[in-house]
Amino acid sequence: MTSRFNGYFNAREIMKEEETLLKDNFKDDYSQLLPIFIYPDEQKSQSMYAPMDKVIEKCSEVIERHSIDKRKVEYVKWIDDSYFLIGQARLYKQEYGLAEQTFLYVYQHYKKDPARYQGLTWLIKTLIETKQWDRAEEFLDLAENSIRKYPEEFVGEYHATVADFNIKRDQDYDKAIEHLEQAVELTKKRDGKARYTYILAQLYQEKKNFLLATEAYG
């Protein structure tokens, strides 16, 4: 209870507020293919240092004070979530190496926890941002082989991540469309679903499938 309501809860609220500000202040260029995920540029990242450091501080305190890890089994529910928030904070600070290490730890250490698959997806997202294409593809293969074990709430983001990989690595719009269609179908949050749908319309238009593009824009 202490770790949940004192540390992790406050850190999560800071993260939610900062992510909302990041999305609200991001200027989309509708003449170009929109980015699937919104990350801060260097200037915006610097403005996020203080709140992200606070997230890291609070989550680190939760881990240090409340973790009960015996024989690689964690008995406190919020520890894995705290590690994940630390990974997010490091990604937004553009500390990509530390973010990669943290998400990899979540994936490897919490093998029986749903956070494992969220950590895997964000590890792939980090590798995509740093253009480590071979490593990203390696972990995408692991994710694909584990997709039946993914909690339902994480599957849409997984498919959006695969689409992001296909767009950024080699502009394989056919594969991106296939996975973005899945992301639209499986994503529950309205802002995410709307963004994926718009990008899907752009991809249909790029492939000259104007009927589907018109339907998606509509």
Side-chain angles (χ1 to χ4, degrees), residues 11-12 14-16 18-23 26 34-49 51-57 59-60 63 79-111 113-147 149-151 153-172 175-176 179-180 183 187 189 192 195-196 199:
R12 189 184 65 178
I14 294 170
M15 180 63 74
K16 287 167 62 177
E18 288 299 310
E19 287 187 320
T20 298
L21 287 172
L22 176 63
K23 292 175 182 177
F26 186 82
L34 300 190
I36 291 178
F37 303 114
I38 297 174
Y39 301 112
D41 58 19
E42 185 175 353
Q43 182 178 0
K44 177 58 180 175
S45 177
Q46 291 176 358
S47 73
M48 296 175 73
Y49 278 11
M52 292 301 101
D53 283 340
K54 184 64 69 174
V55 169
I56 293 170
E57 176 187 345
C59 289
S60 296
I63 294 166
I79 300 301
D80 55 337
D81 298 302
S82 295
Y83 273 115
F84 178 75
L85 277 185
I86 290 173
Q88 281 188 302
R90 287 171 168 167
L91 177 59
Y92 290 139
K93 289 182 67 181
Q94 298 187 345
E95 295 175 346
Y96 296 116
L98 293 173
E100 180 183 330
Q101 291 174 18
T102 306
F103 292 132
L104 182 61
Y105 177 81
V106 173
Y107 170 65
Q108 292 181 333
H109 192 76
Y110 298 101
K111 296 184 177 180
D113 195 283
R116 179 184 199 215
Y117 301 102
Q118 192 176 26
L120 177 56
T121 298
W122 278 73
L123 171 61
I124 296 166
K125 291 167 73 170
T126 305
L127 296 172
I128 291 171
E129 280 303 289
T130 52
K131 299 182 180 180
Q132 298 182 61
W133 305 123
D134 290 342
R135 293 198 69 214
E137 189 166 25
E138 174 187 344
F139 284 104
L140 279 169
D141 289 341
L142 288 174
E144 183 178 356
N145 291 333
S146 305
I147 195 62
K149 299 179 182 179
Y150 260 70
E153 65 266 31
F154 300 151
V155 179
E157 188 173 26
Y158 157 76
H159 282 290
T161 302
V162 180
D164 194 41
F165 174 81
N166 285 306
I167 290 170
K168 289 181 175 176
R169 186 185 66 164
D170 50 16
Q171 294 187 327
D172 189 338
K175 286 185 179 179
H179 285 281
L180 210 50
T187 298
K189 292 183 178 180
R195 187 172 195 85
Y196 298 161
I199 297 169

Pi-cation contact, Y107 with R116 (under 6.0 Å, within 45°): yes
Decide yes or no on side chain to side chain contact (heavy atoms under 4.5 Å, CB included) for W122 and T161, but give the supporting numbers first. CA-CA 9 Å; W122 278 73; T161 302; over 6 Å; no
CZ of R195 to OG1 of T187, rounded to nearest 0.5 Å, is 13.0 Å
Quick check: do F139 and R135 have side-chain heavy atoms less than 4.5 Å from each other? yes
Just so I know, are the side chains of M52 and M15 near enough to count as touching, which here means a heavy-atom distance under 4.5 Å? yes
Determine, step by step, whether L21 and E18 satisfy the side chain to side chain contact (heavy atoms under 4.5 Å, CB included) criterion, reporting the C-alpha distance in whole Å, the side-chain angles of both residues, the deciding distance to 0.1 Å, and the verdict. CA-CA 5 Å; L21 287 172; E18 288 299 310; 3.9 Å; yes
Can you name the closest pair of heavy atoms from E19 and Q88 and give their distance? OE2-NE2, 3.5 Å
I'd like to know whether the aromatic ring centres of F103 and Y83 sit less than 6.0 Å apart in this structure. no
Could you tell me whether a side-chain N or O of T20 sits under 3.5 Å from a main-chain N or O of K16, the two making a donor and an acceptor? yes
So, R169 and E137, do they make that salt bridge, N to O below 4.0 Å? yes
Please report the interatomic distance CD1(I167) to CG(L180), rounded to the nearest 0.5 Å. 6.5 Å
OH/Y96 to NZ/K131 distance, rounded to the nearest 0.5 angstrom? 10.5 Å
Quick one: are Y196 and I36 in side-chain contact, heavy atoms under 4.5 Å? yes
Distance col, row L85:CG vs R12:CZ, nearest 0.5 angstrom, shows 8.5 Å
Over 60° means perpendicular and under 30° means parallel, so tell me whether Y150 and Y117 are parallel, tilted or perpendicular. tilted
For the residue pair R90 and Q101, establish whether any side-chain heavy-atom pair is separated by less than 4.5 Å. no
Could you state the interatomic distance from CD1 (I56) to CD (E95), rounded to the nearest 0.5 Å? 6.0 Å
Is it the case that more than 12 heavy atoms not belonging to D134 sit under 6.0 Å from its CG atom? no
CA sep, side-chain torsions, deciding dist, call: K44, D41, side chain to side chain contact (heavy atoms under 4.5 Å, CB included): CA-CA 5 Å; K44 177 58 180 175; D41 58 19; 3.2 Å; yes
Do S45 and Y92 come close enough that some side-chain heavy atom pair is under 4.5 Å? no
Hey, what's the ring geometry for Y39 with F37, parallel, tilted or perpendicular (30° and 60° as the breaks)? tilted
Tightest non-hydrogen contact, residues G87 and A99, listed as O-CB, 3.7 Å
Residue pair P35 / F26, side-chain heavy-atom distance below 4.5 Å: yes
Taking atom types as modelled, is there a side-chain donor on Q118 or E157 under 3.5 Å from an acceptor on the other? no
Mind checking whether K93 and L98 have side chains closer than 4.5 Å, heavy atoms only? no
Side-chain donor/acceptor of D164 to backbone N/O of A160, under 3.5 Å: no
I'd like to know if the side chain of S146 reaches the main chain of A143, judged simply by a donor and an acceptor atom lying under 3.5 Å from each other, with no hydrogens or angles considered. no
One pair to check against side chain to side chain contact (heavy atoms under 4.5 Å, CB included): L127 and E138. What are the steps and the verdict? CA-CA 10 Å; L127 296 172; E138 174 187 344; over 6 Å; no
Quick one: are Y110 and I79 in side-chain contact, heavy atoms under 4.5 Å? yes
